[in-house]
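Report on the structure given below.
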Number of protein chains: 2
Amino acid sequence: MATIYEVSKLAGVSLATVSRVMNNNANVSDATRKKVTAAMSELGYRPNSIAQSLASNCSNSVGLLVSELQGPFYGPMMSGIENIFRNQGKHVIIAAGHSDEEREQQGIEFLISRNCDGLILHVEAVSDDYLIKLSKGRVPFVLINRFIPELSDRCIILNNIKGGYLAAKHVLEQGHKNIAYISGPLWKKDAQDRLAGHKQALAEFNLSFNEQLLYQGDFMETSGFEGLKTIYQQGLSFSAVICANDEMATGAIASARELGLALPEQLSVMGYDNVFFTRHIYPPLSTINYPINEMGQMAANWILKHVYQKQTEPLQTMFEPSLVARQSIRHCPQ
Amino acid sequence: MATIYEVSKLAGVSLATVSRVMNNNANVSDATRKKVTAAMSELGYRPNSIAQSLASNCSNSVGLLVSELQGPFYGPMMSGIENIFRNQGKHVIIAAGHSDEEREQQGIEFLISRNCDGLILHVEAVSDDYLIKLSKGRVPFVLINRFIPELSDRCIILNNIKGGYLAAKHVLEQGHKNIAYISGPLWKKDAQDRLAGHKQALAEFNLSFNEQLLYQGDFMETSGFEGLKTIYQQGLSFSAVICANDEMATGAIASARELGLALPEQLSVMGYDNVFFTRHIYPPLSTINYPINEMGQMAANWILKHVYQKQTEPLQTMFEPSLVARQSIRHCPQ
DNA sequence: GTTATAAATGTAAGCGCTTACATTTTATGT
DNA sequence: ACATAAAATGTAAGCGCTTACATTTATAAC
């Protein structure tokens with residue numbers, strides 16, 4: 001592999017000049033610039049990005065920590081992020097945290113030890129304190145889907161209260177009065193918020209929230225399955241179930257089918273996230289859109305601006321959910 | 001950030017010694033090793049991986065090029081790969097090629113310019129010649145889901161002929177005689193192979209392949225939709241449709257519903273890949289399992305062995321598909 | 001106690017770049 | 001033509017490590 005040294009010799013200039021044309025910043029005359037680029041292409045020269053990083057103290061890489069590399073939620077997020085960075089010649093190093101405190105911390109440290117210039121974190125298990133401490137450190141980061149008051153300017157979040165509200169309102173408008181709710185783990189802020197929005201809509205319709213129709217799930221399909229079964233077996237009647245995400249809604253649908261309930265005639269089901277497969281399941285799932293792709297891009301823009309001092313579109317931290325009405329919600333039969 | 005130099009000063013040893021305990025290879029006495037590690041933790045020292053890479057000419061990173069970061073197919077693949085490398089302290093740099101020749105080449109060059117020690121490529125658009133030339137280059141790579149005879153030892157592939165055969169056989173065993181087929185783009189080897197296996201099964205059942213029941217799609221949902229509609233409107237009767245992947249099967253299902261066909265009573269549908277959402281769609285889709293996660297891990301092992309000289313489980317290049325029978329295939333009504 | 005040998009440690013060059021600063025060349029005004 | 005400023009180029013010192021080689025220290029055999 002040719003080095004800058006060989007290029008400089010061939011072009012008959014100094015190292016510094018070659019470096020200058022590479023970074024085309026300083027003043028270089030057209031004549032020498034041409035000589036140098038000619039030499040470069042003759043040698044098939046490619047700059048060694050490792051050496052560049054060491055010398056410039058900038059690795060041009062940003063670390064991305066997600067909970068899972070697979071699954072319908074993270075794909076669009078990573079995609080939005082990679083897209084933006086690729087165009088800027090930055091690269092993204094990916095690690096998975098698996099919603100586990102230790103593995104998330106390891107992931108973050110791994111990314112830092114890799115000299116990432118900045119970090120985009122979608123972390124769930126790590127504590128607020130840890131992140132606040134981290135924010136005092138050398139490497140800047142932005143958080144997706146997590147709100148910490150002390151770090152509010154670097155938290156890119158969805159208005160989950162509104163999302164919960166929209167979901168409930170839609171169901172209520174179809175005349176449902178007895179609505180089961182399968183929440184996420186209530187130690188998670190987003191699960192809390194979605195439920196809060198839900199209750200808010202209920203209140204607006206002068207309905208009280210029935211704790212017996214609440215099941216606390218874990219955002220995974222199986223808990224949706226268990227949740228619906230558990231609530232059903234209590235014997236209380238309900239005509240709709242709202243789930244705090246699409247995966248659990250999928251589980252609830254499977255469960256309903258097993259219980260012999262006709263969908264959506266006997267039971268309306270509502271999801272949350274608008275993950276891509278929601279339109280393929282049956283009945284096509286009504287849900288709340290989570291603009292995760294855009295939020296990923298916004299996180300990337302945050303890094304571009306704060307780490308690389310690039311001009312970007314105006315930064316936005318709070319995103320709004322919206323209703324996606326499909327066929328899993330029917331008018332209340334009675 | 002503390003450097004090796006400060007550690008050496010604090011521990012009262014030379015740079016080389018510190019480096020030795022970091023890489024714990026050479027002979028270092030227990031006493032000095034202890035002094036050094038103590039100094040390290042006192043300073044909160046973290047090695048600068050960029051400097052390590054430059055000095056050792058090894059970046060400990062492997063490049064991964066996939067067509068898309070999102071979608072049900074690549075997720076499990078990336079996941080399998082990240083998993084293995086993370087445990088070995090290697091990191092993965094991800095780029096997307098979007099099945100486009102230029103972008104795939106750009107992606108590969110991007111990864112190479114990032115000094116990846118090795119590459120895992122899932123490329124579709126780039127030519128065999130390009131890859132053969134690339135294989136003469138400095139950086140080793142392994143191919144997933146592509147077979148090039150000259151590079152056969154580094155091609156990790158699925159036996160698609162067998163997969164196509166298995167799918168058709170299953171449908172044929174249910175008594176179907178008139179079977180539509182929605183293929184992938186037939187310039188792609190995997191699309192060809194799946195179709196070849198399909199024909200092979202047909203022949204075994206003494207049935208001839210009806211070209212009029214073939215539609216060439218592009219592996220995307222929309223083409224499944226179009227495909228079924230097109231075939232249907234020709235007026236030929238058929239009781240089953242086999243699609244060369246699950247996405248197209250999903251499209252075909254949507255199309256069938258629009259045409260007023262009851263599923264699976266009036267039309268049996270078969271997919272391919274066993275992507276995770278196949279069990280959520282309705283009717284639950286019978287399909288062919290593609291062990292993409294395992295194949296990703298195998299690719300990672302290939303790199304571990306050939307690039308980093310690690311011991312790994314024995315390498316395997318050809319993987320076998322298997323039938324996943326669910327409810328989208330019924331006995332032929334007549 | 002020698003000497004030969006092995007183990008432990010140190011020295012210093014270099015990986016391929018960037019960049020502050022110094023120097024040379026060119027342009028500008030009078 | 002000359003002084004002065006601006007533009008172009010060169011020089012050399014790092015960036016934080018690894019590693020070949022040199023040197024010192026410990027170990028063993030006699």
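Quick note on labels: first sequence line is chain A, next is B, and so on, each numbered from 1.
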### Query
Does A:Arg146 come within less than 4.0 Å of A:Asp128, counting only side-chain N to carboxylate O?
yes
#### Entry: Neighbour count >12 (heavy atoms, 6.0 Å) for atom CG, B:Asn23
yes
### Query
Quantified as the angle between the terminal helix axes (five pairs each), what is the overall bend of the helix from C:dG1-D:dC30 to C:dT30-D:dA1 to 10 degrees?
30°
### Message
Rounded at 0.5 Å granularity, tell me how far CZ in A:Phe141 sits from CH2 in A:Trp302.
### Response
8.0 Å
### Task
Any chance you could measure A:Met298, atom CE, to A:Lys305, atom NZ, to the nearest 0.5 Å?
10.5 Å
### Message
Under a plain distance cut-off of 3.5 Å, with no hydrogens placed, do B:Asn145 and B:Tyr290 share a side-chain donor-acceptor pair?
### Response
yes
#### Entry: side-chain contact (heavy atoms from CB on, under 4.5 Å) involving A:Glu320 - partner list, sequence neighbours excluded
A:Asn159, A:Lys162, A:Met318
### Message
Per the salt bridge (charged side-chain N to carboxylate O under 4.0 Å, His left out) rule, what does the pair list look like for residues 18-34 of chain A, sequence neighbours excluded?
### Response
none
### Message
Please give me the minimum heavy-atom distance between A:Ile148 and A:Cys155, naming the atom from each residue.
### Response
N-SG, 3.5 Å
### Query
Quick check: are there more than 12 heavy atoms from other residues, nucleotides or ligands sitting under 6.0 Å from CE of B:Met220?
no
Close N/O contacts between protein and nucleotides 24-26 of chain C (under 3.5 Å):
none

### Message
For nucleotides 7-17 of chain C, give me one character per nucleotide, 5' to 3': B if any protein heavy atom sits under 4.0 Å from the base, S if the only such contacts are to the sugar-phosphate, - if neither.
### Response
SSBBB--BBBB
Return all side-chain donor-acceptor pairs below 3.5 angstrom for residues 92-103 of chain A, not counting sequence neighbours, or 'none' if the list is empty.
residue	atom	partner	partner atom	Å
A:His98	ND1	A:Glu68	OE1	3.1
A:His98	ND1	A:Glu68	OE2	3.2
A:His98	NE2	A:Arg103	NH2	3.4
A:Ser99	OG	A:Glu124	OE2	2.5
A:Asp100	OD2	A:Glu102	N	3.2
A:Asp100	OD2	A:Arg103	N	3.0

